[in-house]
Each structure stands twice: as C-alpha cells, then as structure tokens.
There are 2 protein chains.
Amino acid sequence: MIDRVSGVPAYRQVASDLRNKIQAGQYAAGDKLPSERQLIVDYGVSRITIREAIGLLRAEGIVTAEHGKGLYVRAGVSVVRLSRSRLSRAARQDNQAFFLGDAEANAFKPTVQTTVRIEEAGLEHADALGIEPGSPVLVRDRVMSADGVVVQLATSRLPRDLTEGTQIEQGDTGAGGIHARLEEAGVVLHHHRESVATRMPTAEEAVLLQLPPGVPVLAVRRTTYDTTGRAVEVNDMTLVGNRYELVYDIPAD
Amino acid sequence: MIDRVSGVPAYRQVASDLRNKIQAGQYAAGDKLPSERQLIVDYGVSRITIREAIGLLRAEGIVTAEHGKGLYVRAGVSVVRLSRSRLSRAARQDNQAFFLGDAEANAFKPTVQTTVRIEEAGLEHADALGIEPGSPVLVRDRVMSADGVVVQLATSRLPRDLTEGTQIEQGDTGAGGIHARLEEAGVVLHHHRESVATRMPTAEEAVLLQLPPGVPVLAVRRTTYDTTGRAVEVNDMTLVGNRYELVYDIPAD
DNA sequence: GAGTGGTCTAGACCACAAG
DNA sequence: TTGTGGTCTAGACCACTCA
C-alpha cells in the first residue's frame with residue numbers, strides 16, 4: 001500500500017489514501033474509520049506514522065477522533081447563513097437581538113451571557129472609535145450559545161458619553177437593542193462597516209468555543225457610524241468558522 | 001519546568017510555556033526559538049513530546065519550522081484590505097481588473113494566469129445560476145499572484161448563451177472585464193451577493209497557495225444578478241486567510 | 001474486559017542550511 | 001562538517017467507552 005521509494009513520506013501517503021477514500025464516498029460523513037491498530041496492519045507502518053497521517057486529516061477538519069470510541073469522518077455541520085442586509089433600521093436589532101432572530105429562523109435554542117463594564121480606551125479601540133486613548137469606554141461582552149453550544153463571541157465598545165444613563169449600560173438593552181437606544185438618544189445611524197478576516201482560534205477561544213482542531217474562526221469587526229461620520233460603536237465578533245456563512249448584498253451601481 | 005502530577009499533558013505544558021513567552025514578547029516576531037534538541041534539555045522531555053508541542057503552535061499559526069534552519073515566531077504578514085463597495089458600476093472592474101487595481105494600491109507586482117473552458121453545469125452551479133443541469137457553462141479559472149506568491153484563486157461561471165461570441169470567452173476580457181462586456185451585450189447588472197465562509201484549505205489548495213500549516217482560507221462566492229433577477233455570473237474565490245480582510249459597507253436604513 | 005485513542009520514551013537515519 | 005528539522009520504529013502505560 002505504501003510506496004517506499006517514491007520519496008513521498010509514508011504518513012502523507014496514508015493521509016492521501018484515506019482522504020481519497022473519504023472523498024470517493026467509501027467512508028461517508030459520520031462513518032467510523034478503521035482503528036489506529038487496524039491501520040497499522042493495513043498500511044504496514046508504525047503507530048506514530050499512522051497518527052501523523054490522522055493528524056493531517058484532523059488539521060484539515062475532515063476527521064475527528066473520539067477517545068475510547070474511534071475515528072470518524074466529520075459530519076457536515078448545519079451552516080447558518082447570516083444576511084447582513086438585515087442590519088437595516090427597518091429590521092432593527094443589535095447583535096444580540098439579531099442572534100435571537102436567527103435562533104427563531106434556524107430553530108435552535110439561544111442563550112446569551114452578557115457582562116458589562118467600563119474601561120479606558122486602548123490605542124486600537126480609541127483609533128477605531130476616533131476618541132482619545134484613555135477615554136472611558138462602555139464594553140459589552142457577550143457569549144452566545146445555540147442549544148448549549150457556544151457559537152459566537154461578541155464584544156461591543158461605545159464611547160461612554162453616548163451610553164451614560166441609557167439602558168445600553170444594562171445587561172438587557174431592551175427591544176431593538178443598542179442601536180434603538182442610541183437613536184432614542186438622538187444619534188442618527190448612517191451606516192455600518194464590516195471587516196471580515198479569518199484565522200485559527202487563540203487557545204482561549206478554542207476552549208470557549210469548544211473548537212475541535214482544524215476549525216478556523218471568522219473575525220468580524222463591525223463599526224457603526226452616525227450621520228456626522230462619527231464611529232459610535234465597534235463590535236468585535238468571533239464566529240465558529242464551520243457554522244457560519246456571512247451574506248452581503250452589494251448594489252451594482 | 002514540567003509539572004508531572006498536574007494531569008496536564010507535558011506537550012501542552014510545553015506549548016503553553018512557549019506561547020506565553022511569545023505573547024510576552026520574550027520571543028518577538030521573526031525570532032528564532034531554541035532548537036528541538038535544546039528544548040528537549042530545557043523541558044526534560046522526549047523529542048516526540050517537543051514535536052507535539054511545536055505541532056500545536058504551528059497549527060495555531062504562531063510558529064513556523066524551516067528545515068535545516070530552525071523554529072521561528074511567525075512574522076506578521078501585511079494584510080490587504082479589499083473594499084467590496086468598489087464593485088460598483090462607476091468603479092467597474094471584474095475580479096481580475098479588481099485584483100490589478102489592488103496591486104496598484106498596495107504596491108505589489110501582480111500576475112494572473114487564466115484558463116477558459118466550457119463545461120456542462122453540475123447540480124450545484126446549475127442551481128446557483130438558475131439554469132438546467134447539463135446546460136453549457138463558460139468557466140474562467142484564474143490563479144492570481146502577488147510578487148510571485150499565489151494569493152488568490154478564482155473561478156467564474158456564466159451561462160454559455162450570455163458569453164458566446166463575446167470577449168468573455170477570451171483570456172483577456174478587456175477594459176472593465178466581464179461585467180463591462182455583459183453590459184455591452186445588453187445585460188443590466190443589478191446587484192452582487194457575496195457569501196463569505198472560512199475553512200482549512202484542501203490539500204490541493206495548500207499546495208497551490210503555498211500555505212503553511214495553520215493558515216485557513218476565505219471562501220467567497222459572489223453571485224451577480226441582473227435587473228430581471230437572473231443570476232448571470234457565479235464567482236468562487238479562495239483567498240489566503242492571513243493576507244486578506246474583506247470590507248463591506250452596509251447602509252443603516 | 002476488550003478495544004479505542006492519548007501520551008510518552010529512547011533511539012535511528014535522512015534532507016536541508018550554513019559556515 | 002555541524003546543526004537543524006523531517007521521518008520513522010518498536011515498544012509502553014494511561015484514560016476513556018461500551019458491552
């Protein structure tokens with residue numbers, strides 16, 4: 001099974017072979033792969049070599065290992081489409097309410113844990129909000145779960161002078177969320193700018209989001225501007241990569 | 001250095017320790033880490049254990065290994081911001097021209113390799129284009145490089161009846177690209193819909209994009225619609241995750 | 001209890017980079 | 001030539017799952 005003279009490392013050959021079998025449907029999503037010990041026999045290589053091959057497939061996100069049970073072809077996860085045009089005033093909702101709306105649309109049980117605090121703006125967030133470093137900033141930290149599984153982290157930052165005395169500083173911001181409260185306070189929202197990047201999770205995120213190896217995250221920073229061009233909110237969101245898809249509509253003219 | 005009774009695997013302890021030192025600045029971006037043999041001595045564990053620890057850090061994308069040289073803290077890469085509002089008619093450019101424009105803005109030397117072919121629509125693309133499976137589809141495959149490094153793959157698909165006899169079927173689509181040629185042919189573009197997801201690269205993509213381990217990709221599907229609501233182009237793009245950031249503007253109302 | 005993956009050891013030889 | 005990471009072996013014991 002393994003070509004010893006090709007120059008291709010044995011573990012890569014094993015990985016390729018298993019990958020091909022998975023893609024060919026010989027092992028379907030959710031199927032159990034042969035055990036490590038069986039693979040050792042099948043391919044005639046050592047356990048370390050088999051584990052390196054499996055490690056590749058796990059890093060690619062196509063195989064998962066369950067301790068005491070076996071190796072499985074990762075089942076496709078249901079992807080949630082987030083249509084960002086719903087950020088419009090007509091469908092007013094802050095990210096939390098947004099998340100709750102998604103829950104309804106996608107039939108999962110949502111949970112949101114919120115903590116609110118005030119901090120001094122660091123360089124990065126001061127720059128993003130166009131305020132002086134050290135100015136007071138209201139910070140809303142949210143951990144969002146679907147059916148008990150954490151799927152999204154979000155941290156909103158707003159200049160404190162916009163939020164003082166409003167419901168934004170409460171755990172529950174009320175119907176319509178942060179944006180509705182801002183407009184009630186006389187801030188007229190003009191547009192949002194979302195910046196989307198991807199990376200591997202940090203060690204903490206991997207724990208919080210219960211991420212298996214081989215699953216990247218989407219890092220979205222949404223900055224909301226009012227009609228005077230001032231940034232009134234910066235929302236940093238971390239989404240589990242294999243569960244989300246962001247959809248944007250862009251006019252052609 | 002290693003706590004043998006904590007229950008935390010040695011390789012995780014080693015990884016955490018190195019990660020902390022990197023984050024604390026003890027090893028800066030681009031710095032060389034101690035060699036594997038040195039780490040064996042430092043932590044008093046076997047080479048396999050050290051290599052598993054390094055493997056974690058490589059999967060996280062914060063360390064790279066260079067054969068024969070050593071281990072290095074991955075240097076930050078310059079990120080290219082792609083503002084998607086530039087898809088407007090006023091700034092007309094297809095993805096290739098778009099890419100060339102970016103090159104100018106970001107001072108890198110662009111190269112684009114294009115292949116054109118005709119295929120029968122599969123289920124997925126037929127659905128995306130709203131045509132019958134098996135209908136002829138024009139496919140434009142592009143491999144885009146910056147300073148010789150492949151940074152983006154793109155595959156456009158258009159119903160053949162829209163492209164027959166136009167410059168879209170040539171390697172070079174001319175000024176303004178695909179979209180300009182479509183409008184010349186009487187197709188009035190209405191809007192684009194971009195769907196953004198992230199995942200680990202496939203084995204082929206990892207080779208093509210010369211991706212080190214631990215770097216995910218952004219998978220963007222842009223569907224372009226005309227004023228009759230018909231999908232006229234589906235463009236599947238794969239972007240190197242640590243080099244791109246996508247920026248979208250969303251009106252508040 | 002039997003089988004699974006998780007962790008770990010002490011070696012070995014190879015390919016690559018650099019002085 | 002020396003030192004580096006890359007690959008590989010033949011074991012060992014552990015923790016977990018399930019019958």
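The figures that follow rest on heavy atoms only: side chains count, while hydrogens, waters and symmetry mates do not. Convention: sequence-line order gives letters A, B, ...; per-chain numbering from 1.
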Atom-to-atom span, [atom1] of [X] to [atom2] of [N] - whole angstrom:
X	N	atom1	atom2	value
B/Arg12	C/dG6	CZ	P	10 Å
B/Glu36	C/dA10	CD	C1'	15 Å
A/Arg51	D/dA12	CZ	C1'	14 Å
A/Ile48	C/dT9	CD1	P	11 Å
B/Arg37	D/dT7	CZ	P	13 Å
B/Tyr43	C/dA10	OH	C1'	21 Å
A/Ile40	D/dA12	CD1	P	13 Å
B/Gln13	C/dT7	CD	P	12 Å

Open item on the list: So, using side-chain hydrogen bond (donor to acceptor under 3.5 Å, both in side chains) as the criterion, who are the partners of B/Arg199 when residues are at least two apart?
Closed with: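 side-chain hydrogen bond (donor to acceptor under 3.5 Å, both in side chains) check on B/Arg199 returns B/Glu205.
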TODO: Enter the inter-axis angle for the ends of the helix from C/dG1-D/dC18 to C/dA18-D/dT1 (five pairs per end, rounded to 10°).
DONE: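 The helix from C/dG1-D/dC18 to C/dA18-D/dT1 shows an end-to-end axis angle of 10°.
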- [ ] First locate atom CG of A/Leu39, then atom CG of A/Leu71, and finally report the distance between them rounded to the nearest 0.5 Å.
- [x]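 Between atom CG of A/Leu39 and atom CG of A/Leu71 there are 7.0 Å.
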Open item on the list: As an exercise, state the distance from CG of B/Leu33 to CG of B/Leu57, rounded to the nearest 0.5 Å.
Closed with: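 Here the rounded value is 8.0 Å.
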- [ ] Would you tell me whether B/Arg142 and B/Ser156 have side-chain atoms, one donor and one acceptor, within less than 3.5 Å of each other?
- [x]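 A donor-acceptor contact under 3.5 Å links the two side chains.
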Open item on the list: Is any side-chain heavy atom of B/Gln38 closer than 4.5 Å to one of B/Asp42?
Closed with: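 Yes; the side chains approach each other to less than 4.5 Å.
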Open item on the list: So, OP1 or OP2 of C/dT9: does either fall under 4.0 Å of a side-chain N or O from B/Thr49?
Closed with: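 B/Thr49 to C/dT9 OP1/OP2: side-chain N or O found under 4.0 Å.
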Open item on the list: Is B/Ser35 close enough to D/dG3 that one of its side-chain N or O atoms is under 4.0 Å from OP1 or OP2 there?
Closed with: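 No, B/Ser35 has no side-chain N/O under 4.0 Å of OP1/OP2 on D/dG3.
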- [ ] Return yes when atom CD of B/Gln113 has more than 12 non-hydrogen atoms of other residues, nucleotides or ligands closer than 6.0 Å, and no otherwise.
- [x]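 Check fails, neighbour count at 12 or below.
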- [ ] Under 4.0 Å from any atom of DNA chain C, heavy atoms only: list the residues of residues 52-73 of chain B that qualify, in numerical order.
- [x]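 Only B/His67, B/Gly68, B/Lys69 qualify.
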Task: Closest contact, heavy atoms only, B/Ala197 versus A/Glu245 - done: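 B/Ala197 and A/Glu245 have their closest heavy atoms at CB-CG, 4.4 Å.
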Task: Nearest non-hydrogen partners of B/Lys69 and B/Lys32, listed with the distance - done: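 For B/Lys69 versus B/Lys32, the nearest heavy atoms are O-NZ, 3.1 Å.
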Open item on the list: Please check this pair: side chain of B/Asn20 against backbone of B/Ser16, looking for a donor-acceptor N/O pair closer than 3.5 Å.
Closed with: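 A pair under 3.5 Å: yes.
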TODO: Measure distances between side-chain N and O atoms of A/Arg47 and base N and O atoms of C/dT7, and say whether any donor-acceptor pair falls under 3.5 Å.
DONE: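 In this structure, the two groups form a donor-acceptor pair.
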Task: Touch class at under 4.0 angstrom, heavy-atom based, for A/Ser46 against every strand present - done: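 Base: the residue A/Ser46, judged by heavy atoms under 4.0 Å, touches a nucleobase.
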- [ ] Would you indicate which nucleotide in C/dG5, C/dC8, D/dT9 comes nearest to any side-chain atom of B/Ala10?
- [x]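 Output: C/dC8.
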